[in-house]
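Below: the structure, in structure tokens.
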Protein chains: 2
Amino acid sequence: MDLTIGQVAERTGLSVHTLRFYEKEGVLARPPRRAAGGHRLYAEHDVEWLNLCVVLRGSGMPLPEIRRYTELARSGAGTEPARLELLRAHQQRLRDQLAELGRCMDVITHKVHCYEDYLAQHDAAQ
Amino acid sequence: MDLTIGQVAERTGLSVHTLRFYEKEGVLARPPRRAAGGHRLYAEHDVEWLNLCVVLRGSGMPLPEIRRYTELARSGAGTEPARLELLRAHQQRLRDQLAELGRCMDVITHKVHCYEDYLAQHDAAQ
DNA sequence: GTAGGAACTAGAGTCGGCTCTAGCACAAGC
DNA sequence: GCTTGTGCTAGAGCCGACTCTAGTTCCTAC
């Protein structure tokens, strides 16, 4: 039932290095247990938590804020409103970012069309 | 008709520092002319070019690639196919990124709903 | 002519987020 | 029992993209 750091790396897409780094940064709800020889032992829920963190990171949440969210979750009951607020704020930022990227996409698509038209014209002339 | 670096900063949203930095990085089609005292003099088309660069950067294109695009544009006629290819590649990356961010948004929205439901339940129980 | 703000240069510093190194311990398969 | 791979720690290094500093010069308005 326990997973090695390598197995967790495989299941989260994070590198072994990054997993240790995240642990140091307080991204894990609690540090994993250790085997006799000092090797980390992860549980399934650690993987789930990390996969959520991957989503948060992948959408641009900075590590300190992920740590804050983790701390709230670690504190347990009563912190739900704060957690909700944090997620909502991130959701809004993400919405804004999507809108901004959409505008960028429009500009780029327009540029692409300009070049396509130009080249179509140019090729036809030959 | 000429613009100072400060005016260009205002019109592009870039800082004066960043404008000089971009110039050093070869992001400008050609370095701006200089006034008698050595101050940079920008033309309107520099602002347009920079605004395109802002869009490219804002959508995640790294500076070396922007420089490459700039160099192609500087080389003039004949480089249009290469420019088109570069833009198309970026467009594809942007599409992928938008899709990825959309998936992140779905996960986060789901999380938000979980908390909302939980809190609604919790509040009703009081 | 002088004060204050804007611009100049070269180069150093910062920041976030990894990523890698060194040197060593442990473990699994033959 | 030995090799090969995986893991451990602490800490250094790297990368991209700015961002700022120091020391100086230039322009504008009084």
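Given the structure is predicted, the values throughout are model-derived calculations rather than measurements. Chain A is the first sequence line, chain B the second, and so forth, proteins listed ahead of strands; every chain is numbered from 1.
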What's the [atom1]-[atom2] distance between [X] and [N], to the nearest Å?
X: B/Gln7; N: D/dT28; atom1: CD; atom2: P; value: 11 Å
X: B/Arg34; N: D/dC27; atom1: CZ; atom2: C1'; value: 16 Å
X: A/Phe21; N: C/dG16; atom1: CZ; atom2: P; value: 10 Å
X: B/Leu3; N: D/dC27; atom1: CG; atom2: C1'; value: 17 Å
X: B/Leu19; N: C/dA6; atom1: CG; atom2: P; value: 15 Å
X: A/Glu25; N: C/dT19; atom1: CD; atom2: P; value: 14 Å
X: A/Glu10; N: D/dT6; atom1: CD; atom2: C1'; value: 13 Å
X: B/Leu41; N: D/dC26; atom1: CG; atom2: P; value: 15 Å

Under 4.0 Å from OP1 or OP2 of [N]: is there any side-chain N or O of [X] that close?
X: B/Tyr22; N: D/dA17; result: no
X: B/Arg20; N: C/dT9; result: no
X: A/Thr4; N: D/dG7; result: yes
X: A/Arg40; N: D/dC8; result: yes

Is B/His17 touching bases, backbone alone, or none of the nucleic acid, heavy atoms closer than 4.0 Å?
->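 Counting heavy atoms under 4.0 Å across all strands, the contact made by B/His17 includes a base.
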Can you tell which of A/Glu44, A/Arg33, A/Gln7 makes a side chain to side chain contact (heavy atoms under 4.5 Å, CB included) with A/Asp2?
->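 The side chain to side chain contact (heavy atoms under 4.5 Å, CB included) with A/Asp2 is passed solely by A/Arg33 among A/Glu44, A/Arg33, A/Gln7.
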Residues in contact with DNA chain D, drawn from residues 47-68 of chain A - heavy-atom cutoff 4.0 Å |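 Per residue number, the list is empty: none.
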B/Asp46 with B/Arg30: basic N within carboxylate O range, under 4.0 Å =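 The answer is no: the pair does not qualify as a salt bridge.
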Taking only Lys NZ, Arg NE, NH1 and NH2, and the carboxylate oxygens of Asp or Glu, determine whether A/Arg57 and A/Glu65 approach each other closer than 4.0 Å.
-> no
Hey, does A/His90 have a side-chain heavy atom less than 4.5 Å from the side chain of A/Ser59?
->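 Yes; the side chains approach each other to less than 4.5 Å.
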Hey, are B/Gln91 and B/Arg88 close enough side-chain-wise for a donor-acceptor pair under 3.5 Å?
->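 No - no donor-acceptor pair under 3.5 Å links their side chains.
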State, without any angle test, whether A/Asp117 and A/Gln121 hold a side-chain donor-acceptor pair at a distance under 3.5 Å.
-> no
5'-most by nearest nucleotide on DNA chain C - B/Lys24 or A/Lys24 = B/Lys24
So, for B/Tyr69 and B/Trp49, is the gap between ring centers shorter than 6.0 Å?
->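 Yes, they do, as the ring centres are separated by less than 6.0 Å.
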